[in-house]
Peer 1: 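Have a look at this one before I ask anything.
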Amino acid sequence: MTTTKEFHWFWAWDDEKEEAYLREMALDGWHFKSVTFPGNYTFEKGELRNDFYRLDILSNYKDKDNYLQLFEDAGWSHVGEYGSWQYFRKTAPQGETPEIFTDNESKQKKYSRILGFLIIFFPIYSIMLNDLHKAEGRFYEIATFVFFLFMLLYAYAMLMLIRRISQLKKKL
Amino acid sequence: MSIDFKKYLPLTEATAYILLALSEPLHGYGVMQKVEAMSNGEVKIGPGTLYGAFSTLESDGIIEKAGEEGRRKIYTLTDKGKLLLKEHVRRAEIFVKNGEITRGW
């Protein structure tokens, strides 16, 4: 089986771009096989297919079997996983665009789930940064700086998710 | 039993149909099919939306787990859910009655 690898970085709030990217590849006959951190995609060569990809965030792992069964029943194949992200694929007849989310509210909730994960860990990281900052020595100075950059990125991610949620709210 | 209906009403069209479908115990895909059939294809619910709706309705005590069929969870309306749906229908009937004026348009 011929495979190819590609690197792509997608932010969590740009998952629709990732879905479109996977679809473009499928239209060219490259079918999503897996993705690993931080964005290494593996594709398998096959027929050109009118596939749609949709991504969801699973937060209740205890209910995973029931969750995946529902998607399968609805005609969506579970094709991959990346952290909490679940990758689904459906081959659709021409002119149809299948969706896993059929209203804005449930789409918003997907981003709220990601935001929830970030908010839970924010105080822990803040305490860690504070402790690093208090410690003395060259190593801790560098570590504090690196950690500070990480925190900036973290805050940026939270802001962008909030923005995405409010964009969806306006569409209601 | 008294419910703060204001918290839930008005129900969205999709939610109202989900509750109506769960007047008998059904699993998620059963609800999707029944809703599409009942609404003459007007209301289609995706699995992501339905899964989220089930979670919220279950934690609000409007629906409850009634069993399992393989890996599928089966849900049904609780008494609270029945009251809520009844109230929604009562209000919808008033609306439909008032909407009679559009018949001749």
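Just so you know, these numbers use all the heavy atoms, side chains as well, and skip hydrogens, waters and symmetry mates. Given the structure is predicted, the values throughout are model-derived calculations rather than measurements.
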Peer 1: Quick check for you: among A/Asp103, A/Thr102, A/Asp63, which has the greatest number of heavy-atom pairs under 4.5 Å with chain B?
Peer 2: A/Thr102
Peer 1: What part of B/Lys44 gets within 4.5 angstrom of chain A, counting heavy atoms only: side chain, backbone, both, or neither?
Peer 2: backbone
Peer 1: Should we say atom OH of A/Tyr140 is surrounded by more than 12 heavy atoms from elsewhere, each under 6.0 Å from it?
Peer 2: no
Peer 1: Given that the side chain runs from C-beta out, which part of B/Thr56 has a heavy atom under 4.5 Å from chain A: side chain, backbone, both or neither?
Peer 2: side chain
Peer 1: Checking salt bridge (Lys or Arg N to Asp or Glu O under 4.0 Å) between A/Asp15 and each of A/Lys110, A/Arg164, A/Lys107, which is the one that passes?
Peer 2: A/Lys110
Peer 1: Output yes when A/Lys109 and A/Glu105 qualify as a salt bridge under the 4.0 Å nitrogen-oxygen rule, no when they do not.
Peer 2: yes
Peer 1: Relative to chain B, which segment of A/Gln69 carries a heavy atom at a distance below 4.5 Å: side chain, backbone, both, or neither?
Peer 2: both
Peer 1: Any side-chain donor paired with an acceptor under 3.5 Å for B/Tyr51 and A/Asp56?
Peer 2: no
Peer 1: A/Tyr156 vs A/Trp11 aromatic rings, parallel, tilted or perpendicular, using cut-offs 30° and 60°?
Peer 2: perpendicular
Peer 1: Measuring heavy-atom distances to chain B, does A/Glu72 have an atom under 4.5 Å in its side chain, in its backbone, in both, or in neither?
Peer 2: side chain
